[in-house]
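Everything below concerns the one structure shown next.
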Amino acid sequence: MKLSHHFGTTLREAPAGVEAISHQLLVRAGFIRQLGQGLFSYLPLARRSLTKIENILREEINAIGGQEMTMPVAHPAEVWQATGRWYSIGPEMARFKDRKERDMVLAMTHEEVVADLCKTEIKSYRQLPQLVYHIQTKFRDDPRPRAGLIRVREFTMKDSYSLDTDEAGLDKQYRAHYQAYFNIFNRCALPAIAVGSDVGMMGGSLAHEYMYLAPVGEDTLVLCRQCGYAANRQIARCAKPKAASEELKSIEKVATPETKTIEALAALLNVPKSKTAKALLMMAGHEEDSGTREEFIFAVIRGDMEVNETKLTNAVKADWLQPATDEQIRAIGATPGFASPIGLKNVTVVVDDAVPSSPNLVAGANEAGYHLLNANTPRDYAATIVADIAAAGDGDACLNCGQPLYTARGVEVGNIFKLGTRYSAAIGATFLAADGTQQPIVMGSYGIGSGRLLACVAEEHHDDKGLIWPISVAPYHVQLVSLAGEEAGVNEVADRVYAALLAAGIEVLYDDRNERPGVKFADADLIGIPIRLTVSTKAIGKGGIEMKRRDRKEFEIVSEANLMTRVQTEINSMLEEIAAKVVEVPFK
RNA sequence: CGGGGCGUAGCGCAGUUCGGUAGCGCACACGGUUUGGGACCGUGGGGUCGUGGGUUCAAGUCCCACCGCCCCGACCA
């Protein structure tokens, strides 16, 4: 391709408000343009890189048995109603009516459609296991798109779906994806780690997220340097400091006027925060076919810990949580600021699992200005649910090895979910088992967003001058820069080299513009193609063409006769550098 | 949805305080000089000043409403 007629120009400055490095560079280098909030056009350079990423995705998923297909972006509402997600997902799902007034959905993901297809395609256990996938547009009307391609509303995702007869089969395909995903990220030269994650709107029993650790990320991860424990903060666990065992003492009411925080309470009574019980009062929402059902949740946790809302949401199997208002708190018979689970009826009490083994805590008295000493469960109040609802964070002890945990920011570049039979059962995707019974297909779902992956690669591989693409993702392998000026002879050499590169099947972007050298070099550095060839009077005088790698400072002069071989050798060695990154990763 | 910021030529910005009929740099076109790290001279084209309403003899500038985009938070995978 000749740069003089290439669609997509470079910009000296990034548009106002563009902050993430990957966003700035992709815009300045002419890869992407924004149409609206979270909506981007991918210009030819980006399109070429995305195609490379997609082909890596194809190769790795095909290698574990994937069969590529394509499912629609617009879905009739019925399939989403069948699984309940029509009701449980909020405004993030784009809905519209077709000309016949039928409810329609823009696909956020494709579990429903896969399950629907299975109704006709999968009849017998003899056909299983299978793995299908596609690379398709998704739309999620995210409340806050940000950071260029890192978080958008319309995006392309490789999503694969495993179909098995049982949990063992699912586990096998899940583990195959676990490794395949590492291969994919390694082949894109993107360092990523797998962390345990919440299953969120997908449901299911086990999930991992692949995280690219970077400040631009919006997920907080909890990590252990010692044993390698890694989890999204939403589900991260830690070892809780054990309370000393004591005799249970009898309840005693004490005056604690104007003492509404744990800090003030601990200070007033001169006890450690770990000797107090903190109440968190929330309304839990359950989206059901008949509408939204609300439930009052009284969560109890020791005063030295914080509640993790994701864990609490999962413990009560709710679709959402929001803080209870003072009116709602009074309505169940509690007193805001001095709430106590003792004496309440018909309220769901969720108790953190450290509380029952922590004797004689200070709790609210359900009376303004008073607390109770020596509150104990189950003696004084019953827990509807006992679960781990505590947040883990910096400095907490690792559950596995006891070492201090630390937190880091990351971008989710992929996820894998064990779905089980939630979707197949709801849609009626069953198979005839060997024993003659009809059983729902056991499913898994596995996603990687290609645009976000591209942005992360850009985020990871750049310098102050511009992008530095790994060879596997680069839009072209070679940028040929002609510094011909008025020298017809130099132009002839550049044209000849261009023709030779094309003939050799080497991907080349030819800067044939009549620009000054500084402009051309600056653009080449900005676009970040791995190998730069410079044809100039100076280089010809030294015996040939200058070759320089974008990721290195030094350059060499190669004779025109040896150039194709030399370039191919360099490309091969770059490909080998990438291949060396692909290694087996133990399943965790 | 809450808090903050911005909207003037393709891009970056000034002009808004104090109302008087729109400007700078880059980019673009033409002519000339220049050619190994974002050249220079000259000429030229390009604007519903986000949208609508209001105040006024007069609005980019003042008032009201709305829209769009960005950042932080809530939310989400």
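The chains referred to below are lettered A, B, ... by the order of the sequence lines, with proteins before strands, and numbering in each begins at 1. These numbers come from the heavy atoms of this one structure, side chains and all, not from hydrogens, waters or symmetry mates.
For residues 473-496 of chain A, there are no ring pair (Phe, Tyr, Trp, His ring centres under 6.0 Å) pairs, not counting sequence neighbours. Within the structure, side chain to side chain donor-acceptor pair (under 3.5 Å) pairs that include any residue of residues 20-44 of chain A comprise A:Ser22-A:Glu459 (at least two apart or interchain).
Using Watson-Crick or G-U wobble geometry with both donor-acceptor distances under 3.5 Å, B:rC62 finds its partner in B:rG54. With a cut-off of 3.5 Å on both pairing distances, B:rU17 has no Watson-Crick or G-U wobble partner at all. Across all strands shown, B:rG73 forms a Watson-Crick or G-U wobble pair, both distances under 3.5 Å, with B:rC1. B:rG10 is paired with B:rC26 under the Watson-Crick or G-U wobble criterion, all donor-acceptor distances under 3.5 Å. With a cut-off of 3.5 Å on both Watson-Crick or G-U wobble distances, the partner of B:rA39 is given as B:rU33.
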Review point. For A:Tyr174 and A:Ser162, what are the C-alpha separation, side-chain angles and deciding distance, and is it a side-chain hydrogen bond (donor to acceptor under 3.5 Å, both in side chains)?
Key: CA-CA 8 Å; A:Tyr174 188 89; A:Ser162 62; over 6 Å; no
Exercise for review: Mind running side-chain contact (heavy atoms from CB on, under 4.5 Å) on A:Leu50 and A:Thr156 for me, showing each step along the way?
Suggested key: CA-CA 10 Å; A:Leu50 287 169; A:Thr156 303; over 6 Å; no
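The separation of B:rC57 from B:rC62, taken at their C1' atoms, amounts to 16 Å, rounded to a whole angstrom. Taking atom C1' on both B:rG12 and B:rG38, the two are 15 Å apart, rounded to the nearest angstrom. B:rU61 and B:rG15 have their P atoms separated by 15 Å, given to the nearest Å. With P as the reference atom, B:rA27 and B:rG20 are 32 Å apart, rounded to whole Å. Comparing the same atom, P, in B:rG10 and in B:rG73 gives a spacing of 34 Å after rounding to whole Å. Comparing B:rC11 with B:rC28, their C1' atoms are spaced 12 Å from each other, to the whole Å. As rounded to the nearest Å, B:rU34 and B:rU17 have C1' atoms that lie 46 Å from one another. If you take atom C1' in B:rG52 and the same atom in B:rG42, they sit 44 Å apart, rounded to whole Å.
Contacts of A:Asn491 classified as side-chain contact (heavy atoms from CB on, under 4.5 Å), with partners at least two apart in sequence or in another chain: A:Ser482, A:Ala484, A:Asp495, A:Tyr510. Judged as a salt bridge (charged side-chain N to carboxylate O under 4.0 Å, His left out), and not counting sequence neighbours, A:Arg452 has no contacts. Every residue was checked against the ring-ring contact (aromatic ring centres under 6.0 Å, His included) condition with A:Tyr133, not counting sequence neighbours, and none meets it. Taking A:Lys158 as the reference, nothing meets the salt bridge (charged side-chain N to carboxylate O under 4.0 Å, His left out) condition, with sequence neighbours excluded. Qualifying side chain to side chain donor-acceptor pair (under 3.5 Å) partners for A:Lys138, counting only residues two or more places apart in sequence or in other chains: A:His110, A:His134, A:Asp159.
Contacts with RNA chain B (heavy atom under 4.0 Å) in residues 538-545 of chain A: A:Lys538, A:Ala539, listed by number.
Using modelled atom types, one finds no donor on one side chain facing an acceptor on the other under 3.5 Å when comparing A:Tyr87 with A:Gln81. Using a 3.5 Å distance cut-off with no hydrogens or angles, the side chains of A:Asn183 and A:Glu60 do pair a donor with an acceptor.
Partner A:Ser49 forms a side chain to side chain contact (heavy atoms under 4.5 Å, CB included) with one of A:Leu453, A:Val457, A:Val473, A:Leu467 and no other, that one being A:Val473.
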Identify all pairs in which a protein N or O lies below 3.5 Å from an N or O of nucleotides 1-6 of chain B, and state each distance.
none

Are any protein N/O atoms closer than 3.5 Å to N/O atoms in nucleotides 28-31 of chain B? If there are, list each pair with its distance.
none

Distances under 3.5 Å only, N/O to N/O: pair up the protein atoms with those of nucleotides 23-26 of chain B.
none

So which protein N/O to nucleotides 40-44 of chain B N/O distances come out below 3.5 Å?
none

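Taking atom CG on A:Asp525 and atom P on B:rG36, their separation rounds to 17 Å, with Å as the unit. A straight line from CG of A:Asp159 to C1' of B:rA77 spans 13 Å, rounded to a whole angstrom. Regarding A:His208, its NE2 atom lies at a distance of 16 Å from the C1' atom of B:rA77, rounded to whole Å. Distance CZ (A:Arg409) to P (B:rA77): 17 Å, rounded to an integer number of Å. With rounding to whole Å, A:Arg516 atom CZ is found 5 Å from B:rU35 atom C1'. Rounded to an integer number of Å, the gap from A:Glu154 CD to B:rA77 C1' is 17 Å. When rounded to the nearest whole Å, the span between CD1 of A:Ile557 and P of B:rG36 equals 14 Å. In this entry the distance linking CZ of A:Arg513 with C1' of B:rA27 reads 12 Å, nearest Å.
When heavy atoms are screened at a 4.0 angstrom cut-off, A:Arg33 is found touching no nucleic acid atom at all. Among the protein residues, A:Gln37 comes within range of the sugar-phosphate backbone only, with heavy atoms under 4.0 Å from sugar or phosphate atoms but none that close to a base. In this structure, A:Leu483 reaches the bases: a heavy-atom distance under 4.0 Å links it to at least one base atom across the strands shown. A:Ala147 comes within 4.0 angstrom of sugar-phosphate atoms only, judged by non-hydrogen atoms across all strands, and of no base. Heavy atoms of A:Gly36 sit under 4.0 angstrom from primed sugar atoms or phosphate atoms, though from no base atom. Residue A:Glu218 is classed as having no contact, given no heavy-atom separation below 4.0 Å to the nucleic acid.
The side chain of A:Arg146 places an N or O atom within less than 4.0 Å of a non-bridging phosphate oxygen (OP1 or OP2) of B:rC72.
Seen from the ring of A:Trp80, A:Arg95 does not count as a face-on cation partner, given the 6.0 Å and 45° thresholds.
When each of A:Asp219 and A:Ala20 is assigned the nucleotide of RNA chain B bearing its nearest heavy atom, the one mapping closer to the 5' terminus is A:Ala20. Nearest-nucleotide positions on RNA chain B for A:Val18 and A:Leu526 put A:Leu526 closer to the 5' end.
The side-chain heavy atoms of A:Arg516 and A:Phe521, taken from C-beta on, include no pair separated by under 4.5 Å. Contact check for A:Gln479 versus A:Ile531: no side-chain heavy atoms found under the 4.5 Å cut-off.
For B:rG12, the base has no donor-acceptor partner in the side chain of A:Arg28 [N/O atoms by modelled type, under 3.5 angstrom].
Atom CZ of A:Phe555 has 12 or fewer neighbouring heavy atoms from other residues, nucleotides or ligands inside a 6.0 Å radius.
Distances were taken from every side-chain heavy atom of A:Arg151 (C-beta onward) to each of B:rG12, B:rC76, B:rU35; the shortest belongs to B:rC76.
A:Tyr181 has its ring centre no less than 6.0 Å from the ring centre of A:His208. Two rings, from A:Phe182 and A:Tyr178, have their centers less than 6.0 Å apart.
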